[in-house]
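First the structure, in the form of structure tokens, and then the observations on it.
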Amino acid sequence: MNRAIIFDVDGTLAETEETHRRAFNRAFKGAGLPWSWDQDLYRKLLAVTGGKERIRHFVEHYGAEGAPQQDLDGFIRTLHAEKTTAYTQMVNDGDIELRPGVEETIASAIRHGYRLAIATTTTPANLDALLEATLGDIGQGLFEVICAGDSVPNKKPAPDVYFKALEELDLPGSSCVAIEDSRNGLLSACAAGITTIVTPSIYTCDENFEEAALVIENLESLDVADLDMMFR
Ligand code: XBP
Ligand code: MG
């Protein structure tokens, strides 16, 4: 069977955004910045995908005190690198577990002959840490194709990362199903012609998922055999 399931990461494989938020705040504190993102603000900032892009949005739209006038790009890159270090440290310390049904869906999909891929906005080091911490040494190898972070010019909701995954899988969108948690992710996958299942996460549960083929609380209620009917 030449079909694939393409998984999003943050909010889909695991409820990672709360750890991302705490990692941002640790990086801000470490840099001596008077910034602190609480959950309400972070929910708003999540409208912008990509950690570096999110910091820039905060600087440009929230008048963040302490941001430099010169070389803002360099400042954001350094700050984001500190955030990634804090995030991977928290993941390595066991901060995160897979969402209900994710591990079973991965195992069942492989048994049913599906190829597996990942299409995420997050930085590759974050994904490496998450897969290692939750699936062990075999984690990476379960996914034939992994597209992450800055590997594409435009982040979700642009379709770039899904088009890249399709290219590397050498499959048309009609031979794939995507699993996402956010509206940005849903729009990205749909724009690449991929039927999409949404499992809303703690930061996205109020978003609009009208384009989704299926919206379920989590993957515990997905039977891989049901996927067959989803292929156009
Ligand atoms: C969600 C994102 C990411 C994370 C933070 O990724 O928008 O930017 O919030 O990760 P996904 P970085 O596509 O997996 O849902 O700081 O590494 O960008
Ligand atoms: Mg997500």
Side-chain angles (χ1 to χ4, degrees), residues 5-28 35 37 39 41-59 76-91 95-96 98-99 102 117-131 134 143 145-165 178-192 194 196-209 212 215-216 218-219:
I5 302 172
I6 308 177
F7 289 86
D8 168 51
V9 173
D10 293 309
T12 299
L13 292 184
E15 290 284 9
T16 52
E17 289 298 355
E18 187 52 16
T19 303
H20 280 296
R21 182 183 71 85
R22 289 164 42 222
F24 279 111
N25 286 337
R26 278 194 190 176
F28 300 155
W35 307 349
W37 292 352
Q39 292 182 340
L41 173 55
Y42 194 62
R43 188 184 302 280
K44 294 190 191 99
L45 293 172
L46 278 170
V48 177
T49 60
K52 293 188 290 295
E53 294 81 357
R54 198 166 299 140
I55 295 172
R56 173 178 287 281
H57 178 79
F58 177 70
V59 168
I76 289 173
R77 258 196 315 279
T78 306
L79 197 51
H80 187 257
E82 291 302 317
K83 176 259 170 181
T84 300
T85 302
Y87 177 86
T88 53
Q89 188 57 59
M90 286 189 260
V91 172
D95 212 57
I96 296 177
L98 294 176
R99 287 186 65 181
V102 167
I118 281 177
T120 176
T121 306
T122 200
T123 304
N126 296 338
L127 176 58
D128 297 349
L130 180 69
L131 293 176
T134 58
F143 300 93
V145 164
I146 293 180
C147 301
D150 298 333
S151 65
V152 291
N154 306 298
K155 295 183 177 172
K156 300 174 182 178
D160 300 35
V161 70
Y162 278 101
F163 278 137
K164 187 167 192 287
I179 304 181
E180 270 283 355
D181 75 303
S182 69
R183 181 161 182 71
N184 280 330
L186 169 63
L187 294 175
S188 176
C190 289
I194 304 172
T196 305
I197 297 171
V198 171
T199 55
S201 57
I202 56 175
Y203 275 102
T204 66
C205 47
D206 301 328
E207 295 184 0
N208 171 357
F209 300 120
V215 179
I216 47 180
N218 60 49
L219 289 179

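When a ligand or atom number is given, it counts from 1 through the structure's own listing order. Keep in mind that the numbers below use all heavy atoms, side chains included, and drop hydrogens, waters and symmetry copies. Start at 1 with the first residue, then count along the sequence.
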Test your reading of the structure: does [X] have an N or O sitting under 3.5 Å from an N or O of ligand 1?
X: N126; answer: yes
X: G51; answer: yes
X: A119; answer: no

Self-check item: In the protein, N/O/S atoms that are found under 2.8 Å from the Mg ion (ligand 2), waters not counted
Solution: D8 OD2, D10 O, D181 OD1
Self-check item: side chain to side chain donor-acceptor pair (under 3.5 Å) partner of K155, chosen from T121, T49, D150, T120
Solution: D150
Quiz prompt | Location of contacts on D8 toward ligand 1, heavy atoms closer than 4.0 Å | solution =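 Side chain only.
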Practice problem: Look at the aromatic rings of Y42 and F24 and report parallel, tilted or perpendicular, splitting at 30° and 60°. | Solution: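 Plane angle between 30° and 60°, so tilted.
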Practice problem: Compare all side-chain heavy atoms of Y162 with those of K156 and state whether any distance is below 4.5 angstrom. | Solution: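 Yes, their side chains come closer than 4.5 Å.
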Quiz item: Does D160 reach the main-chain N or O of N154 with its side chain, forming a donor-acceptor pair under 3.5 Å?
Solution: yes
Self-check item: ring-ring contact (aromatic ring centres under 6.0 Å, His included) involving F163 - partner list, sequence neighbours excluded
Solution: none
Quiz prompt | Which residue and heavy atom of the protein sit nearest atom 7 (O) of ligand 1, plus the separation | solution = R54 NH2, 2.9 Å
Practice problem: Only heavy atoms count here, so choose which of K52, H20, H80 is nearest to atom 16 (O) of ligand 1. | Solution: H80
